[in-house]
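Just below is one structure, and these are the notes that go with it.
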Amino acid sequence: MMLDASLFAGSDLHKRDVDVGGVTVELWFKELPAVDFIRFHSLTSSADEDVRAGAAAKLIAACIVNPDGTQAMSYEKALTLKTKPLNAIFGAVLEVNGGSSGKP
């Protein structure tokens, strides 16, 4: 039995125009495996406030890439995002990965 490739995170990159608070920017995203979302949810339940606060930034840094697939944003840089861009980019991360768009 051969499992369908659609069950797995693919290597295709996804371009999205994201409104980050009145400015639309072109961003590239890669698909993430489910384990990254399991880690995200685990981080959001941490007793450490800094860990909880950084959970969305960690997911964004893992997903956002340059058009050639290389990492576009470090975790440290993602931690400095303003609220509107963070929420908009997080929504695109969820959209690309088959979740509903929403806020972290």
Side-chain angles (χ1 to χ4, degrees):
M1 175 173 156
M2 186 94 160
L3 292 176
D4 189 279
S6 68
L7 300 175
F8 304 93
S11 59
D12 292 344
L13 301 181
H14 304 270
K15 181 178 79 165
R16 294 288 187 275
D17 291 326
V18 181
D19 180 345
V20 293
V23 176
T24 300
V25 295
E26 179 182 279
L27 297 173
W28 290 85
F29 300 86
K30 69 178 183 177
E31 294 177 11
L32 299 175
V35 70
D36 285 344
F37 288 90
I38 293 167
R39 284 188 193 110
F40 166 76
H41 287 294
S42 178
L43 292 173
T44 62
S45 326
S46 172
D48 185 325
E49 180 181 0
D50 289 335
V51 171
R52 285 192 316 271
K58 189 170 281 272
L59 203 58
I60 287 170
C63 188
I64 198 166
V65 294
N66 293 310
D68 65 0
T70 59
Q71 183 180 15
M73 187 183 307
S74 68
Y75 169 66
E76 292 75 18
K77 190 67 173 177
L79 285 172
T80 68
L81 285 166
K82 294 179 178 181
T83 303
K84 284 184 181 182
L86 182 135
N87 286 335
I89 295 169
F90 189 81
V93 166
L94 294 178
E95 178 188 327
V96 164
N97 286 283
S100 60
S101 68
K103 295 181 181 174

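- For the pairing with Leu27, the side-chain contact (heavy atoms from CB on, under 4.5 Å) check across Val93, Ile89, Val96 returns one residue only, Ile89.
- Grouping Ile, Leu, Val, Met, Phe, Trp and Tyr by side-chain contacts under 4.5 Å, direct or through others, leaves Met2 on its own.
- The distance from atom CG of Asn97 to atom CG of Leu32, rounded to the nearest 0.5 Å, is 4.5 Å.
- The hydrophobic cluster of Val35 has no other members, since no ILVMFWY side-chain heavy atom comes under 4.5 Å of it.
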Let me check something: any side-chain donor-acceptor pairs from residues 56-69 under 3.5 Å, sequence neighbours excluded? List them with distances.
from  : atom 1 : to    : atom 2 : distance (Å)
Asn66 : ND2    : Thr70 : OG1    : 2.9
Asn66 : ND2    : Gln71 : O      : 3.2
Asp68 : OD1    : Thr70 : N      : 3.0
Asp68 : OD1    : Thr70 : OG1    : 2.7

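- Residues Phe90 and Leu43 do not share a hydrophobic cluster, clusters being chains of Ile/Leu/Val/Met/Phe/Trp/Tyr side chains in contact below 4.5 Å.
- In terms of the side-chain contact (heavy atoms from CB on, under 4.5 Å) criterion, Ile38 has no residue partners (sequence neighbours excluded).
- Sorted by first and then second residue, the pairs that involve residues 39-51 and meet side chain to side chain donor-acceptor pair (under 3.5 Å), not counting sequence neighbours, are Asp36-Arg39.
- Looking at residues two or more places apart in sequence or on another chain, you find no side-chain contact (heavy atoms from CB on, under 4.5 Å) involving Ala53.
- Between Phe8 and Leu3 the shortest side-chain heavy-atom distance falls below 4.5 Å.
- Here Lys15 pairs with Glu26, Trp28 under the side-chain contact (heavy atoms from CB on, under 4.5 Å) rule; sequence neighbours left out.
- Listed here is the closest heavy atom pair of Gly54 and Leu79: CA-CD2, 3.8 Å.
- Applying the salt bridge (Lys or Arg N to Asp or Glu O under 4.0 Å) rule to Arg52 yields no partners; only residues at least two apart in sequence or on another chain are considered.
- Both Phe29 and Val25 sit in one connected hydrophobic cluster of ILVMFWY residues. Membership requires side-chain heavy atoms under 4.5 Å apart, directly or through other members.
- Residues forming a side-chain contact (heavy atoms from CB on, under 4.5 Å) with Lys77 (at least two apart in sequence, or on another chain): Met73, Ser74, Thr80.
- Asp12 pairs by the side chain to side chain donor-acceptor pair (under 3.5 Å) definition with nothing, not counting sequence neighbours.
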